[in-house]
Structure formats: C-alpha cells, structure tokens
Amino acid sequence: MKRIMIFDDDVDILEILTYLLKEKGWEVHTRTTCNNIVEVVSQNDPDIILMDNWIPDTGGIKATQTLKNHPELAEVPVIYFSANNDIEKLAAEAGSDAFLAKPFDLDELERIINQFC
C-alpha cells in the first residue's frame, strides 16, 4: 500500500483528503504543523507528500526546503498546495516537485500524484 503524508493546518481539508485517498487505497498520515518534520517524515516513510504553504511553525517553504536538503528524504516527491495566487512561484522557491492550486478536484489531485507514484 502506498503512503502519503499531508501537512495542512485546515482539519477539514485533512479529513476530506484522508477519506478520499483511503478510498483510492492509500495509507494516509496527516499533520497540522511542521514540528520535527524530518523525524515525522522519516518515521512514516511516505511515497509522496502534500505540503500546504501556510502550515504552522516553519511554514511550507522552509519545511519543503528542509526535506529536500535532507539526504535521506530529498527524493520523496513534495506537491506544494495552496490557495495563493502565486502558488507556482512559492512552489519553485520551496523546491517542490509539483504544485496544486486550491481549490482542486480529486481528478486533478490523482493526476499529479500518479506522475510520481
């Protein structure tokens, strides 16, 4: 079973995505902060990560950069997602592998995830 980690401070988004992705056969792990991100991601060993821009503590840009600069986690694809108008610029600054603008539909999410898994 493939594993996905979702970092978002919006509990409703986490609940919806967890339900939808579990229906598609994913093992889903969620966090509302980026505390100890290297440790948390290492423990869960995800195949892919969804990272919100406005995640508390370090924020999505710094959290993604931390993961991408870690030798054991750099290869884990990170999809940056946000409702910001400049999502493409933020995703590039973060060093993510792709981006997804909120709101999005499930087909769009699946298409991007399937590019990496």
Side-chain angles (χ1 to χ4, degrees):
M1 180 180 291
K2 292 189 177 180
R3 274 180 245 102
I4 188 167
M5 283 206 74
I6 307 169
F7 291 89
D8 197 312
D9 62 331
D10 187 328
V11 177
D12 292 334
I13 288 176
L14 292 176
E15 288 177 2
I16 291 166
L17 288 175
T18 296
Y19 174 78
L20 294 172
L21 290 167
K22 280 186 175 181
E23 287 291 307
K24 298 288 183 180
W26 285 84
E27 180 182 319
V28 181
H29 299 272
T30 63
R31 294 291 184 275
T32 56
T33 71
C34 286
N35 288 336
N36 305 315
I37 191 160
V38 168
E39 181 181 324
V40 167
V41 171
S42 295
Q43 287 173 349
N44 289 285
D45 191 27
D47 296 296
I48 195 164
I49 295 169
L50 287 178
M51 179 67 69
D52 182 40
N53 184 60
W54 297 110
I55 190 81
D57 300 317
T58 61
I61 290 174
K62 182 100 169 149
T64 301
Q65 290 170 342
T66 299
L67 293 173
K68 289 301 183 180
N69 289 322
H70 193 280
E72 294 172 17
L73 303 175
E75 297 302 316
V76 178
V78 176
I79 299 171
Y80 208 74
F81 73 134
S82 177
N84 286 38
N85 291 336
D86 55 351
I87 178 65
E88 190 170 1
K89 178 179 172 268
L90 295 170
E93 184 180 343
S96 68
D97 298 280
F99 65 90
L100 184 61
K102 293 179 185 176
F104 54 85
D105 63 30
L106 184 57
D107 290 339
E108 187 178 9
L109 175 64
E110 278 188 286
R111 181 183 58 76
I112 290 176
I113 288 174
N114 288 335
Q115 288 177 0
F116 298 97
C117 294

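The figures that follow rest on heavy atoms only: side chains count, while hydrogens, waters and symmetry mates do not. Throughout, residue positions are numbered sequentially from 1 according to the sequence presented.
Ile4 contributes atom CD1, which lies 10.5 Å from atom NE2 of His29 (distance to the nearest 0.5 angstrom). Of the inter-residue distances, the one linking Asp86 atom CG with Asn53 atom CG reads 8.0 Å to the nearest 0.5 angstrom. To the nearest 0.5 Å, the span separating CD on Gln115 from CD1 on Ile79 amounts to 7.5 Å. To the nearest 0.5 angstrom, Met1 atom CE is 11.5 Å from Asp47 atom CG. Interatomic distance, OG of Ser96 versus CD of Glu88, reported as 10.0 Å (0.5 Å rounding). The CG atom of Leu100 sits 6.0 Å away from the CG atom of Leu109 when rounded to the nearest 0.5 Å.
Applying the side-chain contact (heavy atoms from CB on, under 4.5 Å) rule to Lys102 yields the partners Asp8, Ile13, Asp52, Phe81, Ala83, Phe104; only residues at least two apart in sequence or on another chain are considered.
Annotation for Glu75: atom CD does not count as buried by contact number, only 12 or fewer foreign heavy atoms lying within 6.0 Å. When the shell of 6.0 Å around CG of Asp105 is examined, it contains more than 12 heavy atoms from other residues, nucleotides or ligands. With a 6.0 Å radius and a threshold of 12 heavy atoms from other residues, nucleotides or ligands, Glu108 has its CD atom above the threshold.
Ion pairing between a basic and an acidic side chain is recognised when a charged N comes within 4.0 Å of a carboxylate O; Asp57 and Lys62 show no such pairing.
If you check the side chains of Trp54 and Asp10, you find no donor sitting under 3.5 Å from an acceptor.
In terms of heavy atoms, Gly60 sits closest to Ala94 at O-CB, 4.5 Å. Gly95 approaches Thr64 most closely through the heavy-atom pair C-CG2, 4.2 Å. Heavy atoms only, all atoms of each residue included: Asp97 and Pro77 are closest at OD2-CA, 3.1 Å. In terms of heavy-atom proximity, Cys34 sits nearest to Thr58 at CB-OG1, 3.5 Å. Residues Glu93 and Gln65 come closest through the heavy atom pair O-NE2, 2.9 Å.
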Show me the donor-acceptor pairs within less than 3.5 Å that the side chains of residues 15-22 make with the rest of the protein, sequence neighbours left out.
residue, atom, partner, partner atom, Å
Thr18, OG1, Leu14, O, 2.7

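Val38 shares a hydrophobic cluster with Met5, Phe7, Ile37, Val40, Val41, Ile49, Met51, Ile55, Ile61, Leu67, Leu73, Val76, Val78, Tyr80, Ile87, Leu90, Phe99; the chain of contacts runs through ILVMFWY side chains whose heavy atoms sit under 4.5 Å apart.
Both Val28 and Leu106 are part of a single hydrophobic cluster, where members link through side-chain heavy atoms under 4.5 Å apart.
Between Asn44 and Arg31, some side-chain heavy-atom pair lies under the 4.5 Å cut-off.
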